[in-house]
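One structure is given below, encoded as C-alpha cells.
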Amino acid sequence: MTTISTRRATVEDLAAVAPLFDAYRQFYRQPTDLPLARRFIEERLRRNESVLLVAESGTRTLVGFCQLYPTFCSVRAAPTYVLYDLFVSPEARGTGAGRALMLAAEAHAMKTGAARLELSTARDNTVAQSLYESLDWKRDEAFFVYNKALKG
C-alpha cells in the first residue's frame with residue numbers, strides 16, 4: 001500500500017512540479033513544453049497567485065498536484081477558489097493521490113474562509129467525475145458555462 005501525503009508546494013518544488021504540469025498540459029492535448037511549464041508554475045508560486053498543493057509518495061516523490069486560483073462570489077460576498085488543475089502521474093493513479101489532493105484543497109479552502117470550491121471537467125472525463133461525486137461535489141444543472149478564446 002502506497003502512503004500519500006499532501007502539502008503546499010514551494011519554489012523549491014519547482015523542478016519536480018514542472019514535469020507534472022507539462023504532463024497535465026499534454027493530457028489536454030497541448031504539445032510538450034517543459035520550459036513553458038516551469039515558467040508558468042514559477043510565476044504562480046513567486047507571485048502568490050495560486051495555491052499549489054502536491055501529493056507525495058512514501059519515498060517523498062511528487063506524484064501529483066492540484067492548483068487553486070482564488071476568486072470571489074459576488075452573490076455570497078465571499079472568497080471562493082477555482083480548482084483549475086488536478087493531475088496524478090499515470091504510475092500513481094489508483095493510490096488515492098487524487099482523493100488526497102481534493103481533500104487537501106477542501107481543507108485549505110475551509111481554513112481560509114472560502115464559501116465554495118468550483119471546478120469544471122471534460123464531459124468524457126468520467127474517472128474524474130466519479131472522484132468528485134464520491135467526495136460529495138455536485139454537478140451544476142442550473143447554469144450554462146460559456147467561454148471565449150481571445151487572440152493574442
Side-chain angles (χ1 to χ4, degrees), residues 2-73 79-109 112 114 116-135 137-141 143-152:
T2 303
T3 302
I4 300 292
S5 61
T6 60
R7 62 178 173 79
R8 189 163 179 176
T10 67
V11 174
E12 287 76 35
D13 295 307
L14 190 56
V17 173
L20 290 170
F21 187 70
D22 190 48
Y24 165 79
R25 292 183 69 253
Q26 290 174 60
F27 178 81
Y28 284 102
R29 297 175 183 88
Q30 297 300 305
T32 184
D33 191 336
L34 190 55
L36 171 71
R38 183 181 175 93
R39 186 171 54 251
F40 185 84
I41 293 298
E42 184 174 18
E43 286 174 0
R44 302 298 73 74
L45 290 172
R46 291 200 187 278
R47 296 176 183 172
N48 201 29
E49 292 176 335
S50 71
V51 174
L52 187 66
L53 304 170
V54 291
E56 212 168 38
S57 71
T59 62
R60 303 188 64 79
T61 301
L62 296 190
V63 296
F65 73 93
C66 172
Q67 190 160 211
L68 306 170
Y69 291 102
T71 189
F72 298 92
C73 174
T80 65
Y81 283 98
V82 176
L83 193 160
Y84 204 89
D85 310 317
L86 176 66
F87 181 77
V88 174
S89 63
E91 57 273 10
R93 292 181 186 155
T95 64
R99 178 174 294 277
L101 286 164
M102 294 290 294
L103 292 172
E106 184 176 338
H108 176 82
T112 60
R116 180 178 72 224
L117 279 166
E118 57 188 57
L119 63 78
S120 60
T121 190
R123 289 180 186 263
D124 64 352
N125 193 349
T126 56
V127 172
Q129 292 166 32
S130 293
L131 171 61
Y132 307 148
E133 291 168 10
S134 77
L135 293 170
W137 284 65
K138 304 295 182 210
R139 184 174 16 205
D140 187 324
E141 302 290 345
F143 294 93
F144 289 114
V145 176
Y146 292 84
N147 65 60
K148 181 178 182 179
L150 303 174
K151 296 179 182 177

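All residue numbers refer to positions in the sequence shown, counting from 1. None of the values given here were measured: they were computed from a predicted structure.
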**Request:** Could you check Leu119 against Val82 for side-chain contact (heavy atoms from CB on, under 4.5 Å), going step by step and ending with a plain yes or no?
**Result:** CA-CA 6 Å; Leu119 63 78; Val82 176; 6.0 Å; no
**Prompt:** Under the side-chain contact (heavy atoms from CB on, under 4.5 Å) criterion, do Leu53 and Gln67 qualify, and how do the steps go?
**Reply:** CA-CA 6 Å; Leu53 304 170; Gln67 190 160 211; over 6 Å; no
**Asked** Can you say whether the rings of Phe65 and Phe87 are parallel (under 30°), tilted (30 to 60°) or perpendicular (over 60°)?
**Response** tilted
**Request:** Give the minimum heavy-atom separation between Arg8 and Ser50, together with the two atoms involved.
**Result:** NH2-O, 3.7 Å
**Prompt:** Taking C-beta and beyond as the side chain, do Asp85 and Tyr24 meet within less than 4.5 Å on heavy atoms?
**Reply:** yes
**Item:** Over 12 foreign heavy atoms within 6.0 Å of OH, Tyr69
**Value:** yes
**Message:** Filter on side-chain hydrogen bond (donor to acceptor under 3.5 Å, both in side chains), then keep only pairs touching residues 143-152, sequence neighbours left out; what's left?
**Reply:** none
**Message:** Tell me the closest heavy-atom pair linking Gly98 and Val88, and the distance in Å.
**Reply:** N-CG2, 3.6 Å
**Message:** Counting C-beta onward and ignoring hydrogens, is there a side-chain heavy-atom pair between Ile41 and Leu52 closer than 4.5 Å?
**Reply:** yes
**Prompt:** Between Ala16 and Pro19, which heavy-atom pair has the shortest distance, and what is it?
**Reply:** O-CD, 3.5 Å
**Donor-acceptor pair between Gln129 and Asn125 side chains, under 3.5 angstrom** = no
**Side-chain heavy-atom pair Glu56, Thr6 within 4.5 angstrom cut-off** = no
**Fill in**
Heavy-atom closest pair (Leu20 atom, Gly64 atom, distance to 0.1 Å) is CD1-N, 3.8 Å
**Request:** For the pair Tyr132 and Trp137, name the ring-plane relationship: parallel under 30°, tilted 30 to 60°, perpendicular over 60°.
**Result:** tilted
**Atom of Leu83, atom of Cys66 and distance for their closest heavy-atom approach** = CG-SG, 3.7 Å
**Prompt:** In terms of side-chain heavy atoms, does Arg60 have a donor or acceptor partner in Ser5 at a distance below 3.5 Å?
**Reply:** no
**Request:** Taking all non-hydrogen atoms of both residues into account, name the closest pair between Pro31 and Asp22 and its distance.
**Result:** O-OD1, 4.4 Å
**Asked** Charged N to carboxylate O under 4.0 angstrom, Glu42 versus Arg44?
**Response** no
**Item:** Min side-chain heavy-atom separation Asp33-Arg25 under 4.5 Å
**Value:** yes
**Asked** From Glu91 CD over to Ser57 OG, what is the distance, rounded to the nearest 0.5 angstrom?
**Response** 10.0 Å
